[in-house]
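A short worksheet on the structure shown next.
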Amino acid sequence: MSNLPPPPPPPPPGRGGQQPGSQPPQGGSKRPVGGWPRWAIPVLLAVLVGTLVLNQVWPGTTDDELSYTQFMAAVQGDKVTSFDLTNGTNTISGELTDGTKFTSTVRDSFPNESETATLKEHNVDWTTKEPSSNWLLSWASLLLPFILIIGFLVWMNKRAQGQMGNVMSIGRSRAKTYSADKPSTTFSDIAGYEGVKQEITEVVDFLRMPERFKEIGARVPKGMLLVGPPGTGKTLFARAVAGEAGVGFLSVTGSDFMEMFVGVGASRVRDLFAQARKLGRAIIFIDEIDSIGRKRGAGLGGGHDEREQTLNQMLAEMDGFETSEGIVILAATNRPDILDPALLRPGRFDRQIVVPLPENEERLAILKVHSRDKRMGPDVDLEVMSKATPGMSGADLANLVNEAALFAVRRGSKQVERIDFENARDRVVMGARRESLVLSAEERRATAIHEGGHAILTVVLPHADPLHKVTILPRGMALGVTWSLPEERHTYSKEYFEDVICRAMGGRVAEKIVFGHLNSGAANDLEQATSIARRMVREWGMSDAVGPMAWSGHQQVFLGEDLMTQGREYSDDTAKMIDGEIARILHEQEARATELLRKHRVALDAVAEELLERETIDGADVARLLQDSFGDSISPEAHTPVEG
């Protein structure tokens with residue numbers, strides 16, 4: 001039921017952009033090679049259709065139109081001396097005695113015996129003739145099949161030429177070229193990260209003034225690897241470097257090199273570096289380089305595959321040019337642990353630049369950047385919001401501001417207010433509210449007791465993160481959520497992890513104390529608690545029985561490596577000891593949670609009743625209920641809840 005964020009792992013060991021464009025087409029002719037001009041066929045079709053339409057709508061005669069009755073009356077009045085009868089159309093055309101030309105339409109059997117007698121009686125002569133054919137329609141009906149056949153053959157020919165052209169150009173690089181004339185992204189567009197900017201400025205200075213480095217004999221690294229979690233702005237940094245230096249920028253992703261044909265990836269690598277050399281001074285940016293830079297020789301299929309050939313060609317190309325040529329390679333990845341060691345050795349990607357998650361001040365600057373084009377209300381305090389969003393990347397913060405704007409639009413507001421940011425943060429962190437899910441009275445009470453157990457322990461435990469909010473409204477995949485705001489820290493103590501595990505046990509223990517039985521609502525809590533306890537024993541050396549030993553908990557990247565390393569690195573006795581220590585930590589924290597919740601049973605019932613009545617309460621409300629039920633002091637070391 002509870003959405004408890006797992007503690008972050010310990011930190012790793014210390015240590016303007018261009019407008020998108022494309023290559024200009026060669027030549028300015030609009031005539032395809034070996035064919036008619038592109039406008040020829042549409043013009044011919046337009047002329048043909050126009051001729052047919054005009055032939056039908058253009059007035060062919062100005063003769064008077066007489067009805068059959070009027071025609072027979074004119075015959076009997078001796079006004080008609082002769083006429084022509086056209087077969088098939090049953091039309092009569094002739095001239096009256098006063099010189100007026102006329103036309104009339106009669107029935108198919110005209111003239112019958114009585115009509116013939118009338119015509120002879122009044123001395124009217126007539127002749128029959130066949131209808132004249134439209135030569136344009138006749139020719140069109142004859143030529144249309146040939147036109148369709150010729151058009152189909154021309155289309156097939158162009159299609160075949162296009163496919164042949166694609167096959168012939170399959171080995172060309174798919175890198176996007178950004179012009180250096182009007183850089184649009186610079187370091188000023190990137191909020192925070194002053195340390196990263198300072199470290200990467202060397203590349204900018206080299207591309208701007210290479211003679212300064214030549215005079216002193218300094219050599220700038222050929223390649224720089226940007227490493228960091230997703231959404232921290234690694235690609236943005238690469239574009240900013242090109243914008244600051246004012247040079248050409250070739251952007252490509254690792255997957256662009258891969259194709260079903262053997263040797264295509266290596267060919268595209270060669271073409272990429274050839275394009276860079278033509279630009280003189282340029283930056284080659286390879287995003288997600290781990291897709292082609294993984295360790296070679298791993299896996300059951302051997303080491304001679306297309307991906308490894310591509311990597312080998314890239315290594316050869318990086319060795320084949322000097323930094324004096326003015327070409328610098330930037331690459332980005334969030335998986336540096338799986339890259340091939342040959343790719344990271346000095347002389348290739350000599351330097352790794354870590355782009356970490358932003359700190360408080362950097363988050364504030366990022367929020368200000370993304371809020372510039374939003375209409376903010378007077379009650380919005382971005383500084384408070386930056387403190388309430390630890391662990392969020394730049395992309396997360398951009399999404400947060402956009403979600404707040406969407407909430408403001410739904411409310412019908414003209415500006416983004418604080419309530420919109422609160423709702424957006426709840427949605428991003430805890431998930432969207434599930435309006436359609438209706439809990440029974442028994443389930444609501446069980447959820448309130450469960451979340452109340454988490455909330456009580458969060459306030460009482462001395463090393464737990466401050467409590468922010470508790471709700472029994474279903475959000476995301478959880479029926480209820482207890483939300484804490486982690487403090488800014490970079491190392492975590494054993495006591496902190498023990499409090500996290502104890503807090504995770506709070507929901508399960510509270511249900512057992514109140515109802516006397518357990519249910520499946522604590523599955524996620526137990527999973528997180530077990531994961532933390534396992535890492536405490538196996539990776540962080542926080543078990544006295546196991547001692548200062550560590551075994552990585554990461555899965556092997558390749559199946560072949562997993563088989564070669566035989567899986568486990570320790571004996572069965574050590575595995576038994578590790579399992580025993582994990583179980584000991586979990587049982588100890590469960591017993592600790594049971595003791596604390598029994599001690600604060602009155603407060604647990606009060607928090608549960610408040611949740612059933614209001615559905616969502618703040619950390620300050622939980623602290624007040626605890627204070628009222630327990631007396632003068634909650635705990636000498638208890639955390640102060642965080643205001644929203």
Side-chain angles (χ1 to χ4, degrees), residues 3 5 16-20 178 182-197 228-244 355-435 468-469 471 473 475-476 481 483-488 616 618 642-644:
N3 186 10
Q18 315 303 331
Q19 293 288 345
Y178 293 81
K182 298 179 180 179
S184 60
T185 306
T186 60
F187 285 156
S188 61
D189 299 318
I190 304 177
Y193 291 108
E194 297 301 328
V196 178
K197 293 178 184 177
T232 51
K234 298 182 291 295
T235 304
L236 187 62
F237 265 110
R239 294 195 61 183
V241 170
E244 291 283 348
V355 186
L357 293 172
E359 301 289 340
N360 180 32
E361 295 298 328
E362 294 170 336
R363 290 197 301 273
L364 176 59
I366 294 173
L367 286 173
K368 290 180 179 179
V369 168
H370 292 293
S371 302
R372 286 184 301 197
D373 58 343
K374 307 291 190 301
R375 184 179 298 174
M376 293 293 170
D379 60 341
V380 175
D381 191 343
L382 295 180
E383 187 171 354
V384 173
M385 190 57 55
S386 68
K387 294 179 180 178
T389 52
M392 283 194 177
S393 66
D396 295 329
L397 295 173
N399 182 50
L400 175 67
V401 175
N402 184 64
E403 286 288 344
L406 293 177
F407 273 105
V409 173
R410 295 192 193 107
R411 290 193 306 107
S413 175
K414 298 292 185 180
Q415 58 189 6
V416 183
E417 300 176 357
R418 178 182 177 182
I419 185 63
D420 300 315
F421 271 97
E422 292 289 337
N423 292 332
R425 186 180 59 182
D426 292 349
R427 179 185 178 89
V428 171
V429 176
M430 297 187 293
R433 182 178 172 183
R434 298 162 64 186
E435 303 283 354
H468 173 59
K469 185 182 296 185
T471 180
L473 295 175
R475 284 184 173 273
V481 180
W483 184 14
S484 298
L485 293 180
E487 297 177 338
E488 291 281 359
T616 300
D618 294 331
V642 174
E643 294 289 347

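Screening residues 355-369 for salt bridge (Lys or Arg N to Asp or Glu O under 4.0 Å), with sequence neighbours left out, gives R363-E488.
Residue P356 comes nearest to P229 through the heavy atom pair CA-CD, 4.4 Å, listed as atom of the first residue, atom of the second, then distance. Across V416 and A405, no two heavy atoms sit closer than the pair CG2-CA, 3.9 Å. Contact record, H468 with L485: CB-CG, 3.8 Å, taken as the closest heavy-atom pair. Taking every heavy atom of both residues into account, S386 and E383 meet most closely at OG-O, 2.7 Å.
Remark: D396 engages S393 in a side chain to side chain donor-acceptor pair (under 3.5 Å) (not counting sequence neighbours).
The line from CZ of F421 to CG of L400 is 6.0 Å long, rounded to the nearest 0.5 Å. Residue W483 holds its CH2 atom at 5.0 Å from CG of D426, rounded to the nearest 0.5 Å. Separation of atoms CG (L357) and OG1 (T232) is listed at 7.0 Å; rounding is to 0.5 Å.
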Carefully, step by step, assess I366 and M392 under the rule side-chain contact (heavy atoms from CB on, under 4.5 Å). CA-CA 11 Å; I366 294 173; M392 283 194 177; over 6 Å; no
Please test E422 against D420 for side-chain contact (heavy atoms from CB on, under 4.5 Å), starting from the C-alpha separation and ending with a verdict. CA-CA 5 Å; E422 292 289 337; D420 300 315; over 6 Å; no
L397 vs V401, side-chain contact (heavy atoms from CB on, under 4.5 Å): CA-CA, chis, key distance, verdict: CA-CA 6 Å; L397 295 173; V401 175; 5.7 Å; no
Using side-chain contact (heavy atoms from CB on, under 4.5 Å), reason through F407 and R427 one step at a time and then give a plain yes or no. CA-CA 10 Å; F407 273 105; R427 179 185 178 89; 4.1 Å; yes
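When side chains are defined from C-beta on, E417 counts as touching Q415, because their heavy atoms get closer than 4.5 Å.
A donor-acceptor pair is defined here as one N or O able to donate and one able to accept, closer than 3.5 Å; such a pair exists between the side chain of N423 and the backbone of I419. Without hydrogens or angle criteria, K469 side chain to S484 main chain gives no donor-acceptor distance under 3.5 Å.
By the 6.0 Å contact criterion, NZ on K387 is open, its count of non-hydrogen atoms from other residues, nucleotides or ligands being 12 or less. Summarising the local packing, CZ of R375 is surrounded by 12 or fewer heavy atoms from other residues, nucleotides or ligands at distances under 6.0 Å.
Ion pairing between R418 and D381 fails under the 4.0 Å rule for side-chain N and carboxylate O.
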